[in-house]
Amino acid sequence: MRVTAHQATTVDRKRSTAFSAPGLDIRGRLACAGLLLLAACTSDFGTGTTGGSGPTRSYRMGFSPFPPKNDQSTVLPTLELWTRRADAGIMHVGIPWAALLAGSPAAAEVQSNQVGLAQYYRGKGLAVLITLDLTDGLNRSAEAPELVAARRSLSEPAVQLLYRQYVDATASLVHPDYLGLAAETNLIRAVAPRSLYDAVVKAAADAAPDVHPLSAATRLFVSVQVETAWGLLPQAAGYVGIADDLRDFPYVQALGLSTYPYAAWPDPDQLPLDYYQRIPGASGLPVMVVEGGWTSASVSTVVSSPEKQARYLRRQARLLDAAAALFVFGLDFADLDLSTFPPPLPPGISFFASLGLVDSNLNPKPALAVYDSLFSLRRR
């Protein structure tokens, strides 16, 4: 259970790393994908089963829209493959700071980068979730790279106002079922300067009251890092919980969980049954896994296999049931083919390259059959 320095460092390098390489405009491609597929969408996909008897699940299931290769032709087939076996879809959205600082209206950015994909999800009958990322998704100790490049800071009121405008545009144009105002807040607090964490708290608090008047049905959340809450990352220290997050984000209606347990546990069957259930404490907040997975490949000091990944999904189902979770999302449906991305690749990206339930050519791995068996359960 001891976490190495390499594992602790790379746990943050997951959302945008594989798609931040030059030459790959993933936001534009996904928006285009959503618009192109609207005519083909039907509402009978992804709804799960809600009648009958037998074993059940409390949670909706889905993935992020990331494609496996630096190749636009892989975007639509990947989306089509996983949305047929999902009842929810999520977007992990980095704030487009450079565009906003240059004067682009927040509404224009949301329209071009999120609306089409949200329409595509809904055309498939999927619930729509969005997590907005305020800091560097590759390094939770740092400001967002675009702010660093512009020599600006989230601590500035003017920058916080741009974020608030982006939240407002997301709420009014997308109307997500759940909107995450910040990601992995406990990890930011653990590794970043206090001033950055305080800026995240203030920016989110200022934006939160705007959402419901613009989108009455949208529920708010922030995400926390499960391994950090258990005192396993960035260093082993024993369970620490999330009392500070519950205090600093009192308006949330659900709690997002980010979990990559293979960074801290050698075997999925070792995960405690209350691994998710314990996190919200006495708050009563419902939980949902908004990102995560288990690698099917051995990497760094992690020893894994496709069989171990499949066992993780079985174990995770028990954790989700114990916590009566609302949703579970895998970060990637397909493995990343890192050879297709232009160098230099960010350090540590291989740590997250084999999270998919299919390989980079969309061939199934053993975990896909386990996932499909869980998806077939009646959703209560």
Side-chain angles (χ1 to χ4, degrees), residues 1-15 17-18 63 138-140 184 186-187 190-191 223-242 257-279 287 289-323 325 328-336 338 346-359 364-371 373-374:
M1 284 170 39
R2 187 175 184 275
V3 182
T4 68
H6 173 77
Q7 290 168 338
T9 300
T10 56
V11 160
D12 323 312
R13 303 179 183 275
K14 53 204 175 284
R15 267 164 304 279
T17 307
F63 296 90
L138 313 182
N139 177 8
R140 287 296 176 208
E184 297 186 325
N186 59 336
L187 185 56
V191 299
S223 75
V224 296
Q225 218 291 319
V226 173
E227 286 69 52
T228 299
W230 275 84
L232 301 170
L233 294 173
Q235 57 188 2
Y239 189 84
V240 296
I242 59 162
L257 305 180
S258 166
T259 177
Y260 299 86
Y262 61 94
W265 301 85
D267 192 276
D269 292 327
Q270 295 176 330
L271 295 174
L273 191 60
D274 64 346
Y275 199 55
Y276 301 155
Q277 185 181 29
R278 187 177 182 183
I279 303 297
V287 299
V289 175
V290 294
E291 60 173 290
W294 191 288
T295 181
S296 64
S298 296
V299 58
S300 182
T301 59
V302 174
V303 178
S304 192
S305 67
E307 182 274 336
K308 188 175 286 189
Q309 182 189 43
R311 283 197 291 111
Y312 167 69
L313 290 186
R314 296 188 188 97
R315 183 62 178 176
Q316 186 185 43
R318 297 189 63 191
L319 310 183
L320 293 164
D321 283 335
V328 59
F329 295 98
L331 182 69
D332 298 320
F333 177 70
D335 288 349
L336 304 179
L338 298 181
I349 184 58
S350 60
F351 200 72
F352 300 95
S354 299
L355 294 175
L357 307 189
V358 298
D359 66 21
K365 297 193 286 185
L368 183 63
V370 177
Y371 176 93
S373 71
L374 297 173

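For the single chain, residues carry numbers from 1 onward in sequence order.
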Item to check | Working for side-chain contact (heavy atoms from CB on, under 4.5 Å), residues Leu374 and Gln316 | outcome: CA-CA 11 Å; Leu374 297 173; Gln316 186 185 43; over 6 Å; no
Checklist outcome for this item: Between Gln309 and Ser296 the two heavy atoms that sit nearest each other are OE1-CB, 3.4 Å
Checklist entry - Would you say the side-chain atoms of Ser298 pair up with the backbone N or O of Ser304, donor to acceptor, closer than 3.5 Å? => result yes
Next on the checklist: Under the rule for ring-ring contact (aromatic ring centres under 6.0 Å, His included), what residues qualify as partners of Tyr312, not counting sequence neighbours?
Outcome noted: Trp294
Checklist outcome for this item: Value for CG (Asp332) from CZ (Phe63), rounded to nearest 0.5 Å, stands at 9.5 Å
Next on the checklist: I need the minimum non-hydrogen distance between Ala367 and Leu357, along with the two atoms involved.
Outcome noted: CB-CD2, 3.8 Å
Checklist entry - Can you name the side-chain hydrogen bond (donor to acceptor under 3.5 Å, both in side chains) partners of Lys308, sequence neighbours left out? => result none
Item to check | Mutual orientation of the aromatic rings belonging to Tyr260 and Phe352 [parallel < 30°, tilted 30-60°, perpendicular > 60°] | outcome: perpendicular
Checklist outcome for this item: Applying side-chain hydrogen bond (donor to acceptor under 3.5 Å, both in side chains) to Asp335 and not counting sequence neighbours gives Lys365
Checklist entry - Checking side-chain contact (heavy atoms from CB on, under 4.5 Å) for the pair Val191/Thr228: CA distance, chi angles, key distance, verdict? => result CA-CA 11 Å; Val191 299; Thr228 299; over 6 Å; no
Item to check | Intermediate values then yes/no, side-chain contact (heavy atoms from CB on, under 4.5 Å), Ile279 and Tyr239 | outcome: CA-CA 10 Å; Ile279 303 297; Tyr239 189 84; 3.9 Å; yes
Next on the checklist: I'd like to check the side-chain hydrogen bond (donor to acceptor under 3.5 Å, both in side chains) partners of Thr295; sequence neighbours left out, ordered by chain and number.
Outcome noted: none
Next on the checklist: The criterion is salt bridge (Lys or Arg N to Asp or Glu O under 4.0 Å); which residues satisfy it with Asp267, sequence neighbours excluded?
Outcome noted: Arg311
Next on the checklist: Working to the nearest 0.5 angstrom, can you tell me the gap between Leu331 CG and Leu355 CG?
Outcome noted: 6.0 Å
Checklist entry - Atom CG of Leu320 and atom CG of Leu257: how far apart are they, to the nearest 0.5 Å? => result 9.0 Å
Checklist entry - Quick one: CG on Asn186 to CZ on Arg140, what's the gap to the nearest 0.5 Å? => result 10.0 Å
Next on the checklist: I need the minimum non-hydrogen distance between Ala322 and Gln277, along with the two atoms involved.
Outcome noted: O-NE2, 3.3 Å
Checklist outcome for this item: Scanning both residues in full, the closest heavy-atom pair of Val299 with Ser350 reads CG2-OG, 3.7 Å
Checklist entry - Hey, does the side chain of Glu184 reach the backbone of Leu187 with a donor-acceptor pair shorter than 3.5 angstrom? => result no
Item to check | Contacts of type side-chain hydrogen bond (donor to acceptor under 3.5 Å, both in side chains), residue Tyr275, not counting sequence neighbours | outcome: Glu227, Trp265
Checklist outcome for this item: Between Asp359 and Ala334, the two heavy atoms sitting closest are O-CB, 3.9 Å
